[in-house]
**Q** 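Dumping the structure here so I can ask a few things about it.
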There are 2 protein chains.
Amino acid sequence: MARAVKPTKRGYHHGDLPEALAKAAEALVREAGASGFSLRECARRAGVAHSAPGHHFGDAGGLLTEVAARGFDRLTARMRERRGDAEGPEALQRIGMAYVDFALSDPAVLQLMFHSDRVDCDNARFKRAGEAAFGELVSAVASTTGRPSPDEGTLRFAWSAVHGVSTLLINGQRQGAAAARRANPLALAEGTIRRTVHAVRTFRG
Amino acid sequence: MARAVKPTKRGYHHGDLPEALAKAAEALVREAGASGFSLRECARRAGVAHSAPGHHFGDAGGLLTEVAARGFDRLTARMRERRGDAEGPEALQRIGMAYVDFALSDPAVLQLMFHSDRVDCDNARFKRAGEAAFGELVSAVASTTGRPSPDEGTLRFAWSAVHGVSTLLINGQRQGAAAARRANPLALAEGTIRRTVHAVRTFRG
DNA sequence: AAACAATCTTGACGCCGTCCAGATCGTGGC
DNA sequence: GCCACGATCTGGACGGCGTCAAGATTGTTT
């Protein structure tokens, strides 16, 4: 019988502790942010001893890196899903909006993915996941410009604008300002993405 | 005699402990990032007891918030300085590059200013400092569009692109990738800012 | 000179990450 | 069948951390 699929009911061995720890860590990051995260609390939620996580993820940064990598996986999936079979500027618009939507629905994880000094940026799994997400953007920009491989400058610009509006909207939500919360953040992002698509299409060095 | 200017040589009272703590905290954030920061280490560097910072800044978040607010002060000053008396697109280009330059010269503090869950975003001093920096951008965008007060969408777009390229460049530097480090990051940013200025000038809803 | 508020120290508490030795479990060799 | 072995997890220890409370020290005011 598959060992990892059917977890043993209880006992010294857990069944699939790495998965359980990653889930717990994700939930904890969402609740308390990267700074509120703790290995011991993860272990508690997974029902194991405080030192168990270390055997699978090394240290706290290792587990957080896994959470960040999973975030990239979900981001990639959402961008693919939202793009559908769209091509041209519409593809880029959808990719951008999917990015913003992900950021607003999981702000703590997005902060972790890009702006935490606790994740190991050189981790192979993390890098692969990040590059896959970037690939979706590359594809959409290529479809917009009509060229097979868009130039680096255009890619950097598109990535910057989409990423920037996402993080700034998160920041706006984080502040108690009523003005920032009254409007629909997604609607605010739409204009920014539109300007970005416009520049990708019309800018000539 | 001015009490705060000439610190007492030694003794129970420090002279200007808040200032000394803020300086120590800034240095510590630069060395170890927001996650490596600790109140006790700050106190050690300022030569006071471990609990002294609490009397002036409340808790750890309070001191980090002060560091972030100072970051905004420096950012504002640098943008003003780099803009000089430029007007029009050139003003916006310079403001944007000043922003990137600040981010690259003080990455840990910029991360703290925007992406740390340990700073109190509702702190009055912090908000004022942030709005002052934003005001510099507003002024430059206004000068670019020719209108006295640019629309919110354009502002959001410009801020997003400039901020996004800054944080992504920081991320690139943080990763060990040799490819990212071989090129001059400021040169890479220039094209992005140029595209941003282009969109601010030419986009019509 | 005495009282007072501001400033700083000392000590304590619980939580944290990390290391280590040892207990328990699954599995393959005999 | 059983035994040895590696993988997995426990329990305890250590030092560092943030925060709180009580007390010592200082500058100022009365």
Side-chain angles (χ1 to χ4, degrees), chain A residues 1-25 28-29 31-67 112 116-120, chain B residues 1-25 28-29 31-67 112 116-120:
Chain A
M1 73 199 83
R3 172 186 151 284
V5 173
K6 181 182 289 186
T8 58
K9 278 310 165 196
R10 66 184 67 264
Y12 228 81
H13 281 33
H14 180 280
D16 195 356
L17 186 52
E19 180 65 23
L21 286 171
K23 297 271 191 187
L28 189 49
V29 165
E31 291 172 28
S35 77
F37 167 88
S38 93
L39 273 186
R40 287 176 113 107
E41 177 63 21
C42 284
R44 237 171 268 134
R45 296 187 179 200
V48 293
H50 56 74
S51 69
H55 295 295
H56 296 279
F57 293 99
D59 57 358
L63 184 44
L64 282 175
T65 301
E66 171 64 22
V67 172
L112 188 71
S116 171
D117 49 359
R118 302 181 75 183
V119 316
D120 174 19
Chain B
M1 73 199 82
R3 173 185 151 282
V5 173
K6 181 182 287 183
T8 58
K9 279 310 168 196
R10 67 183 67 263
Y12 228 81
H13 281 32
H14 181 280
D16 195 357
L17 186 52
E19 179 66 23
L21 286 171
K23 297 271 193 188
L28 189 49
V29 166
E31 291 171 29
S35 78
F37 168 87
S38 94
L39 274 186
R40 287 175 113 104
E41 177 62 22
C42 284
R44 238 170 267 133
R45 294 187 180 200
V48 292
H50 55 77
S51 73
H55 294 295
H56 296 279
F57 294 98
D59 57 357
L63 184 43
L64 283 174
T65 302
E66 172 63 23
V67 173
L112 188 71
S116 172
D117 50 359
R118 302 181 74 182
V119 316
D120 174 20

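None of the values given here were measured: they were computed from a predicted structure. All chains are named by letter (A, B, ...) in the order of the sequence lines, taking the proteins before the strands, and each is independently numbered beginning at 1.
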**Q** Measure CD/Glu41(A) against P/dC17(D) and give the value in whole Å, please.
**A**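 Rounded to whole Å, this separation is 22 Å.
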**Q** Select one nucleotide: of dT9(C), dG17(C), dG18(D), the one nearest the side-chain heavy atoms of Val48(B).
**A**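 Among the listed nucleotides, the one closest to the side chain of Val48(B) is dT9(C).
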**Q** Regarding Asp120(B) and Thr65(B), do their side chains bring together a donor and an acceptor under 3.5 Å, going by distance alone?
**A**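 The answer is no; no qualifying pair exists.
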**Q** Of the nucleotides dC8(C), dT18(C), dA12(C), which one has an atom closest to the side chain of Ala60(A)?
**A**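 Comparing dC8(C), dT18(C), dA12(C) against the side chain of Ala60(A), the answer is dT18(C).
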**Q** Can you check the Leu21(A) CG to dG17(C) P distance for me, whole Å?
**A**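 That distance rounds to 12 Å.
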**Q** dC8(C) P sits how many Å from Leu17(B) CG, rounded?
**A**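 Whole-Å distance recorded here is 5 Å.
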**Q** To the nearest 0.5 angstrom, please state how far the CG atom of Leu63(A) sits from the CG atom of Leu28(A).
**A**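 Atom-to-atom, Leu63(A):CG and Leu28(A):CG are 9.0 Å apart.
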**Q** Kindly indicate whether the side chain of Ser51(A) and the base of dT18(C) share any N or O donor-acceptor pair separated by less than 3.5 Å?
**A**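 Such a pair does not exist between side chain and base.
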**Q** Quick one: are Pro18(B) and Leu21(B) in side-chain contact, heavy atoms under 4.5 Å?
**A**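 No, their side chains stay 4.5 Å or more apart.
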**Q** Expressed in angstrom and rounded to an integer, what is the separation of Asp59(A) atom CG from dC16(C) atom C1'?
**A**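 For the pair Asp59(A) CG and dC16(C) C1', the rounded distance is 14 Å.
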**Q** Roughly how far, to the nearest 0.5 Å, is CZ of Phe37(B) from CG of Asp117(A)?
**A**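 If we round to the nearest 0.5 Å, Asp117(A):CG and Phe37(B):CZ are 12.5 Å apart.
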**Q** For the pair made of CZ in Arg40(B) and P in dT10(C), what is the distance, rounded to whole Å?
**A**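 Rounding to the nearest Å, CZ of Arg40(B) and P of dT10(C) are 13 Å apart.
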**Q** Measure from CG on Leu63(B) to P on dC17(D) and round the result to the nearest Å.
**A**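 Nearest whole value for this atom pair: 14 Å.
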**Q** Atom CG of Leu64(B) and atom P of dC17(D): how far apart are they, to the nearest Å?
**A**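 One finds 14 Å between P of dC17(D) and CG of Leu64(B), rounded.
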**Q** Where each residue is assigned the nucleotide of DNA chain C containing its nearest heavy atom, which of Ala52(B) and Arg44(A) is assigned the position nearer the 5′ end?
**A**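 Its nearest nucleotide being more 5', the pick is Ala52(B).
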**Q** Stacking between dC9(D) and His55(A), yes or no? Criterion: centroid separation under 5.5 angstrom, plane angle under 30 degrees.
**A**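 By the stated criterion, His55(A) and dC9(D) stack.
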**Q** Within this structure, what is the CZ-to-C1' distance between Arg118(A) and dT18(C), rounded to whole angstrom?
**A**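 Arg118(A) atom CZ is separated from dT18(C) atom C1' by 13 Å.
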**Q** Does Glu31(A) come within less than 4.0 Å of Arg45(A), counting only side-chain N to carboxylate O?
**A**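 The answer is yes: the pair qualifies as a salt bridge.
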**Q** Find which nucleotide of DNA chain C each of His50(B) and Pro18(B) is nearest to by heavy atoms, and output the residue with the more 5' nucleotide.
**A**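 The residue mapped nearer the 5' terminus is Pro18(B).
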